[in-house]
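Notes follow the structure.
So you know, we letter chains A, B, ... as the sequences are listed, proteins then strands, and number each from 1.
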Protein chains: 2
Amino acid sequence: MCQHRYMSNAAPNALSDPATDATALPLIGAEAEPCCPPLTERPLTAEEAVRTAAMFKALGDPVRLRLFSLVASHEGGEACVCDISDVGVSQPTVSHHLKKLKDAGLLTSERRGTWVYYRVAPTVVAAMGKMLGQHAV
Amino acid sequence: MCQHRYMSNAAPNALSDPATDATALPLIGAEAEPCCPPLTERPLTAEEAVRTAAMFKALGDPVRLRLFSLVASHEGGEACVCDISDVGVSQPTVSHHLKKLKDAGLLTSERRGTWVYYRVAPTVVAAMGKMLGQHAV
DNA sequence: TATCTATGTTGACACATGTCGAAGTGGGGG
DNA sequence: CCCCCACTTCGACATGTGTCAACATAGATA
């Protein structure tokens with residue numbers, strides 16, 4: 001599941017061994033607690049709103065949302081850019097959107113050899129879900 | 001909690017009696033099932049992404065996110081525009097943003113007398129939460 | 001009816017954003 | 001060493017978006 005016509009062996013996705021999975025989750029790194037209480041608890045402050053809106057904004061574009069969904073639902077929880085081709089935009093545009101998702105803290109990237117792999121940042125996404133009133137774990 | 005200097009009695013928020021509350025929840029009306037499975041289940045189609053991105057986009061602005069949080073956390077689950085004043089933008093801008101939230105299906109509005117009351121559309125917001133991986137109810 | 005208040009709408013403007021082609025970077029293979 | 005491939009960055013462009021002042025509308029009160 002990666003239509004590369006280069007380097008036919010050395011299955012790229014097979015590199016995601018358990019050890020890699022465990023250590024590949026530093027998430028956003030700088031910020032362990034992404035943001036803010038549920039939106040129903042109290043009004044957000046201006047600063048909280050700015051930080052949080054950036055995350056929602058990142059998912060507020062159809063192409064980015066598809067990219068995010070594509071990575072999130074991909075086998076092994078990660079996908080390389082080569083797995084993405086039919087999103088309807090050029091490849092530089094895909095790269096541009098992936099960077100935005102990464103900057104928003106929703107995705108992390110890791111280069112392994114020739115390919116770059118993206119995976120979702122679970123805690124950040126979970127925090128967004130909680131803000132929308134999904135109090136249950 | 002509504003600094004109107006007109007019509008000193010007839011407490012506006014007191015109008016939210018149980019009967020009104022029960023009937024004030026037709027939600028988005030047209031669309032009972034807002035959208036889409038969890039983002040981790042399968043890649044979104046283009047059409048799904050467009051519909052869903054519009055909802056996330058609505059929350060992707062700091063002012064709108066504050067407005068939404070303000071309505072969601074307000075007493076009685078509803079707030080009139082007069083309850084909102086310190087968001088840092090002019091009143092027409094507030095109205096503009098409330099309309100956007102309404103168009104996205106995240107808020108509903110109802111006019112009762114002089115004032116217009118906004119409340120959140122619970123099913124739509126819950127659906128967004130579920131898409132972010134909060135599978136539990 | 002006239003007038004006041006609470007909201008929504010319009011028009012205009014500056015700015016942000018999505019998009020692409022072209023050029024740049026980084027790593028593997030021959 | 002050079003080429004090829006995967007991916008990113010750059011420059012430019014059209015379009016979208018947030019913002020406001022000014023105007024329009026809807027009820028309520030007198």
Exercise. Closest to the B:Val89 side chain: D:dT19, C:dT19, D:dC7?
Worked result: D:dT19
Exercise. Of all the nucleotides listed (C:dC20, D:dT9, C:dG8), which has the minimum atom distance to the side chain of B:Val81?
Worked result: C:dG8
Exercise. Within the structure, does a side-chain N or O atom of B:Ser95 lie under 4.0 Å from either OP1 or OP2 of C:dG8?
Worked result: yes
Exercise. Under 4.0 Å between a side-chain N or O of B:Thr114 and OP1 or OP2 of C:dT5?
Worked result: no
For this session: Could you go through the salt bridge (Lys or Arg N to Asp or Glu O under 4.0 Å) check for B:Lys130 and B:Glu41 one step at a time?
Result: CA-CA 11 Å; B:Lys130 275 180 195 150; B:Glu41 189 175 304; over 6 Å; no
Problem set entry | Face-on cation placement of A:Arg111 at A:Tyr117 ring, 6.0 Å and 45° thresholds | no
For this session: Using the closest heavy atom to pick a nucleotide of DNA chain C for each, name whichever of A:Gly113 or A:Pro92 lands nearer the 5' end.
Result: A:Pro92
For this session: Round to a whole Å and report the spacing from CZ of B:Arg66 to P of D:dT19.
Result: 12 Å
Exercise. With hydrophobic residues grouped by side-chain heavy-atom distances under 4.5 Å, do A:Ile84 and A:Val89 end up in a single group?
Worked result: yes
Exercise. Which listed nucleotide (D:dC7, C:dA6, D:dG18) is nearest to the side chain of B:Asp61?
Worked result: D:dG18
Seminar exercise, completed: Among the nucleotides C:dT19, C:dT7, D:dG18, whichever has the atom closest to the side chain of B:Arg64 is D:dG18
For this session: Round to a whole Å and report the spacing from CG of A:Leu65 to P of C:dT17.
Result: 18 Å
Exercise. Can you name the nearest heavy-atom pair linking B:Ala53 to A:Pro62, along with the distance?
Worked result: CB-N, 3.5 Å
Problem set entry | A:Arg112 CZ - D:dA6 P separation (whole Å) | 17 Å
Problem set entry | Protein-nucleotide distance (A:Ile84, atom CD1; D:dA6, atom C1'), rounded to Å | 13 Å
Problem set entry | Presence of salt bridge, A:Glu47 and B:Arg66, under 4.0 angstrom | no
Problem set entry | Nucleotide C:dG8, atom C1' - distance to CG of B:Leu101 in whole Å | 15 Å
Exercise. If you look at every strand shown and take non-hydrogen atoms under 4.0 Å, does B:Lys57 touch a base, only sugar-phosphate, or nothing?
Worked result: sugar-phosphate
Problem set entry | Interatomic distance, B:Gln91 CD vs D:dA22 P [rounded to whole Å] | 14 Å
For this session: Ignoring backbone atoms, establish whether A:Tyr117 has a side-chain N or O less than 4.0 Å from OP1 or OP2 of D:dA6.
Result: no
Exercise. Which nucleotide in the set C:dG18, D:dC7, D:dT19 lies at the smallest distance from any side-chain heavy atom of A:His97?
Worked result: C:dG18
Exercise. What is the nucleic acid contact for B:Lys100, judged by heavy atoms within less than 4.0 Å: base, sugar-phosphate only, or nothing?
Worked result: sugar-phosphate
For this session: Name the residue closer to the 5' end of DNA chain D, choosing between A:His96 and A:Arg111 according to the nucleotide with the nearest heavy atom.
Result: A:Arg111
Exercise. Within the side chain of B:Arg64, is there an N or O that forms a donor-acceptor pair under 3.5 Å with the backbone of B:Ala58?
Worked result: yes
Exercise. Is the phosphate of D:dC20, meaning OP1 or OP2, less than 4.0 Å from a side-chain N or O of B:Thr93?
Worked result: yes
Problem set entry | Nucleotide D:dC7, atom P - distance to CH2 of A:Trp115 in whole Å | 8 Å
Exercise. Which one, D:dA22, D:dT8, C:dT7, comes nearest to the side chain of B:Cys82?
Worked result: C:dT7
For this session: Would you kindly give the NZ-to-P distance between A:Lys99 and C:dG18, to the nearest whole Å?
Result: 14 Å
Exercise. Considering only side-chain heavy atoms of B:Val63, which listed nucleotide, C:dT9, D:dT19, C:dG28, is closest?
Worked result: D:dT19
